[in-house]
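Here's the structure we're looking at; comments come further down.
It should be emphasised that the depicted structure is a prediction, and the values quoted were computed from it without experimental measurement.
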Amino acid sequence: MSTPPPPSQPPSGGFGAPQDPPPGGFGAPMPPAGPPSPPAAPHPQAGQPAYGYPQADPGYGYPQQPAAPAPYAAPAPPAPPAPPAGGGDKRTQLMIVGAALLAIVLIVGGGLWYASGDGGGTTAQGDPGASQGGDKNQPAAAGSEKVPANPRSKTLYNHPAPTVTDLVSVNGSWLTDTTYVKSDVSKVVGYNLVDGGKKWEVPLTGEICGATHHVSENKTAVLFRPTPSTAENKYPPCTEVGVIDLEAGKLAWSGNIKSANGGDKPVQFSEITLSGKTVAAAGVSGGGAAWNLADGKNLWQPKVDGDSCRDTGYAGGEALAAIRKCGRHPNYTLHAQLLDPATGAPTGSYKLSPGIEYAHIVSTQPFVVAADVGDNAKGGKGVSDLFVVDPKGELKARIPLAAGTFAAKCGSTDVEKCSNMVVGNGKIYVPAAEHQGQSPTGRTNELLSFDLETGKQTTDRADAGERYTMFPLRMDGPNIIAYKVPPYDKGGQIVSIDGTTMKETLLMENPADRDVRRAETSFSPEFSSELRYRNGKLFMSKQNVSKPYSTDPEYLFVSFTAS
């Protein structure tokens with residue numbers, strides 16, 4: 001019997017395994033890596049530290065010889081128009097003075113206004129948290145992450161990858177105040193934060209085939225396969241839903257559900273999410289259902305109109321939303337809908353342009369939808385435009401992400417499968433694509449933002465530093481928690497970025513030892529890895545494991561601690 005397609009995986013030779021050093025040994029620059037790099041952004045501002053930067057894949061963790069710099073500047077924020085080439089110095093000075101006077105008026109007249117999140121914020125790969133949006137007229141609460149006395153970290157615990165003979169999904173990881181919880185082969189395991197020792201284990205009947213990163217009342221939700229009916233049936237359909245109590249270390253409840261149209265077989269699910277007291281899962285062919293988080297009682301199933309309309313997936317967090325697809329290929333019409341979690345009824349619906357086959361939900365509150373319009377996304381990023389929708393389903397703003405300019409990513413067909421974007425302070429923060437920096441042997445990027453009310457790029461900018469690239473992980477109140485991928489001779493960094501000033505504060509810097517670097521850089525925020533940071537602890541884990549293809553150690557997860 002043929003087996004179903006395996007879960008998505010990183011490209012061959014990608015970030016899932018350590019890389020061999022370049023010719024000439026560690027520290028030797030690599031030869032040119034092909035065509036010229038994406039256009040270069042302006043150099044870091046004077047006075048900023050010249051850290052370093054990673055190179056482009058597949059040579060993750062090793063330097064590259066630079067391509068010829070392209071005559072380009074990074075995406076310009078919405079500032080006054082630049083003076084004409086060859087002149088305009090006086091006009092430039094006047095604009096600078098005017099901006100300074102405006103800033104003084106704002107400060108004296110009522111203080112700085114900035115948006116607020118009330119806790120964490122989430123992304124497809126971020127830590128569980130609270131508000132992603134915020135009211136611009138309310139001051140932001142302080143972030144909860146404290147600067148360690150010594151940000152230089154040490155390895156906490158590296159867990160070996162399980163021995164398997166095929167590609168197996170281990171999707172899902174969560175970090176609480178006391179426990180790191182990681183999906184494993186047909187089980188979920190909790191580890192303590194002191195030395196990484198196992199605290200508890202929850203066995204499941206089969207392979208985990210989906211997990212939400214959201215947490216509510218110390219609980220989260222997963223999808224898994226039932227026990228195989230025969231030895232040949234290694235991959236039964238993904239029909240089982242389970243809720244894991246992350247503190248108690250137990251399966252709170254589990255079960256499946258039959259088709260809403262009276263079918264005699266359980267619905268197959270492909271993705272799952274969580275919002276408040278509602279767990280919602282979407283099916284492979286448009287089936288879906290929702291349950292009560294506390295006891296597993298079925299709340300509702302979406303209406304399926306034959307081949308006409310069906311829910312393709314849900315997104316959770318502070319609200320519950322869905323992508324509903326109508327019509328047949330290639331004439332699909334997609335609707336992004338906010339739902340009543342208790343009933344599944346739409347409370348607002350936005351119709352996307354015809355011809356878009358897949359759409360993703362970046363945030364449910366505020367409601368931000370991502371899509372590849374006209375197949376314009378380049379480099380496998382899967383998103384060319386963001387749509388900001390109000391609670392009634394009306395479009396507030398459309399944000400084009402120029403092809404090759406930004407590193408936001410929405411992979412696969414899953415509705416909630418976007419990364420490298422976080423929402424907070426009334427903005428969405430997106431990293432620029434990597435580009436040549438000042439260093440002759442490395443590349444860099446910046447973290448930029450767009451205003452969710454106007455859709456325009458702001459003046460926000462945080463530089464990764466020479467030879468580092470930066471990716472946002474989540475919000476921490478008004479601050480952005482970001483990971484910096486290291487160059488071949490450094491360890492990675494965690495920084496907190498002030499949402500008002502964009503000033504960076506170092507929270508963690510990992511060891512530069514060769515073996516530690518090799519373990520760290522086998523995980524990437526861009527390819528099938530999950531990064532969780534909280535209270536001076538960083539965990540980096542895989543979403544899939546496979547048969548080893550090298551003699552180097554391979555890990556299910558690695559972790560670091562700063563004190």
**Message:** Which residues pass the side chain to side chain donor-acceptor pair (under 3.5 Å) test with Ser559, not counting sequence neighbours?
**Reply:** none

**Message:** Under the criterion side chain to side chain donor-acceptor pair (under 3.5 Å), I'd like the reasoning laid out for Glu416 against His214: C-alpha separation, chi angles, the key distance, then a yes or no.
**Reply:** CA-CA 11 Å; Glu416 209 170 21; His214 298 298; 2.7 Å; yes

**Test log, rule side chain to side chain contact (heavy atoms under 4.5 Å, CB included), inputs Met470 and Gln493** = CA-CA 9 Å; Met470 180 175 1; Gln493 296 179 346; over 6 Å; no

**Prompt:** Does the side chain to side chain donor-acceptor pair (under 3.5 Å) test come out yes or no for Asp476 and Ser144, once each step is laid out?
**Reply:** CA-CA 6 Å; Asp476 174 36; Ser144 63; 3.0 Å; yes

**Message:** Under 4.0 Å between a side-chain nitrogen and a carboxylate oxygen: does that hold for Asp451 and Lys456?
**Reply:** no

**Item:** For Ile272 against Gly210, the heavy-atom pair lying closest together
**Value:** CG2-C, 4.2 Å

**pair Met508-Leu538: side-chain heavy atoms closer than 4.5 Å** = yes

**Request:** May I ask you to say whether Glu453 pairs ionically with Lys427, meaning some side-chain N is under 4.0 Å from a carboxylate O?
**Result:** no

**Asked** Under the 3.5 angstrom rule, does the side chain of Ser541 hit a backbone N or O of Phe557 as a donor-acceptor pair?
**Response** no

**Item:** Counterpart residues, side chain to side chain donor-acceptor pair (under 3.5 Å), relative to Thr347 (two or more places apart)
**Value:** none

**Request:** Might you point out which heavy atoms bring Ala315 and Thr364 nearest each other, and give the distance in Å?
**Result:** O-CG2, 3.5 Å

**Prompt:** What distance separates Lys182 NZ from Ser173 OG, expressed to the nearest 0.5 Å?
**Reply:** 5.5 Å

**Request:** Apply the side chain to side chain contact (heavy atoms under 4.5 Å, CB included) test between Phe367 and each candidate in Asp390, Val423, Ile361; give the one that qualifies.
**Result:** Ile361

**Asked** Just how far is it from atom CG of Leu386 to atom CG of Leu401, taken to the nearest 0.5 Å?
**Response** 4.5 Å

**Asked** Backbone N or O of Gly465 within a donor-acceptor pair of the Asp463 side chain at under 3.5 Å?
**Response** no

**Request:** Using atom types as modelled and distance alone, determine if a side-chain donor or acceptor of Lys381 lies under 3.5 Å from a backbone N or O of Cys410.
**Result:** no

**Message:** Is the ring pair Phe539/Tyr180 parallel, tilted or perpendicular, if the boundaries are 30 and 60 degrees?
**Reply:** parallel

**Message:** side chain to side chain contact (heavy atoms under 4.5 Å, CB included), that's the test. Do Leu193 and Leu175 meet it? Break it down for me.
**Reply:** CA-CA 9 Å; Leu193 303 185; Leu175 183 56; 3.9 Å; yes

**Message:** Distance alone, cut at 3.5 Å: any donor-acceptor contact between the side chains of Ser449 and Thr458?
**Reply:** yes

**Message:** Quick check: closest heavy atoms across Ala397 and Leu395, and the distance to 0.1 Å?
**Reply:** O-CD1, 3.4 Å

**Message:** Do Ser275 and Ser216 have side chains that approach each other closer than 4.5 Å (heavy atoms only, starting at C-beta)?
**Reply:** no

**Message:** Measuring from atom CD of Glu271 to atom OH of Tyr314, what distance do you get when rounded to the nearest 0.5 angstrom?
**Reply:** 9.5 Å

**Asked** Strictly under 6.0 Å, is that where the ring centroids of Trp291 and Phe269 end up?
**Response** yes

**Message:** So which atom in Ala282 and which in Thr312 form the shortest heavy-atom distance, rounded to 0.1 Å?
**Reply:** CB-O, 3.6 Å

**Prompt:** Quick check: does any side chain N or O of Arg310 sit under 3.5 Å from a backbone N or O of Pro302, one acting as donor and the other as acceptor?
**Reply:** no

**Asked** Any chance the rings of Phe450 and Phe406 have centres within less than 6.0 Å?
**Response** yes

**Message:** Taking the side chain as everything from C-beta on, heavy atoms only, tell me whether Thr220 gets closer than 4.5 Å to Thr212.
**Reply:** yes

**Request:** Search all heavy atoms of Asn445 against all heavy atoms of Ala432 and return the closest pair with its distance.
**Result:** ND2-O, 3.0 Å

**Message:** To check you understand the geometry: which heavy-atom pair defines the closest contact between Gly276 and Leu293, and what is its length?
**Reply:** O-CD2, 3.6 Å

**Prompt:** Once you round to the nearest 0.5 Å, how far does CD1 of Ile208 lie from CG of Leu223?
**Reply:** 9.5 Å

**Prompt:** Given side chains that start at C-beta, do those of Asp414 and His360 come closer than 4.5 Å, heavy atoms only?
**Reply:** no

**Prompt:** Are Ile356 and Val373 close enough that some pair of their side-chain heavy atoms sits under 4.5 Å apart?
**Reply:** yes

**Prompt:** Lys503: what forms a side chain to side chain donor-acceptor pair (under 3.5 Å) with it, not counting sequence neighbours?
**Reply:** none

**Request:** Can you label the angle between the Phe387 ring and the Tyr350 ring as parallel, tilted or perpendicular, going by 30° and 60°?
**Result:** tilted

**Partners passing side chain to side chain donor-acceptor pair (under 3.5 Å) against Lys537 (at least two apart in sequence or in another chain)** = Thr561

**Asked** Taking the side chain from Thr273 and the backbone from Gly316, do they hold a donor-acceptor pair closer than 3.5 Å?
**Response** yes

**Request:** Could you list the residues that satisfy side chain to side chain contact (heavy atoms under 4.5 Å, CB included) with Asn171, not counting sequence neighbours?
**Result:** Ser169, Ala211, Glu530, Gln543

**Message:** Test side chain to side chain contact (heavy atoms under 4.5 Å, CB included) on Leu448 and Asp460; report intermediate values, then the result.
**Reply:** CA-CA 6 Å; Leu448 309 169; Asp460 289 343; over 6 Å; no

**Complete:** salt bridge (charged side-chain N to carboxylate O under 4.0 Å, His left out) pairs touching residues 272-281, sequence neighbours excluded, are Glu217-Lys277

**Request:** Please round to the nearest 0.5 Å and tell me the distance separating atom CD1 of Ile494 and atom OH of Tyr483.
**Result:** 7.0 Å

**Prompt:** Is there a side-chain contact between Asp498 and Pro478 (heavy atoms, below 4.5 Å)?
**Reply:** no

**Asked** Does the side chain of Glu446 come within less than 4.5 Å of His435's, by heavy atoms?
**Response** yes

**Request:** Apply side chain to side chain donor-acceptor pair (under 3.5 Å) to the pair Trp300 and Thr343, showing each step before the final yes or no.
**Result:** CA-CA 6 Å; Trp300 48 265; Thr343 65; 5.9 Å; no

**Message:** Between Val362 and Ile428, is the side chain to side chain contact (heavy atoms under 4.5 Å, CB included) condition met? List the steps.
**Reply:** CA-CA 10 Å; Val362 180; Ile428 184 164; 4.1 Å; yes

**Message:** If I take atom CD from residue Glu145 and atom CG from residue Asn535, how far apart are they, to the nearest 0.5 angstrom?
**Reply:** 5.0 Å

**Prompt:** Is Glu520 salt-bridged to Lys490, going by a charged N under 4.0 Å from an acidic O?
**Reply:** no

**Message:** Would you say that Ser183 contacts Trp174 through its side chain, given a criterion of any heavy-atom pair below 4.5 Å between the two side chains?
**Reply:** yes

**Message:** So, applying side chain to side chain contact (heavy atoms under 4.5 Å, CB included) with Glu247, which one of Thr178, Asp177, Val181 is it?
**Reply:** Thr178

**Ring-face cation contact, Tyr332 with Lys325, 6.0 Å cut, 45° max** = yes

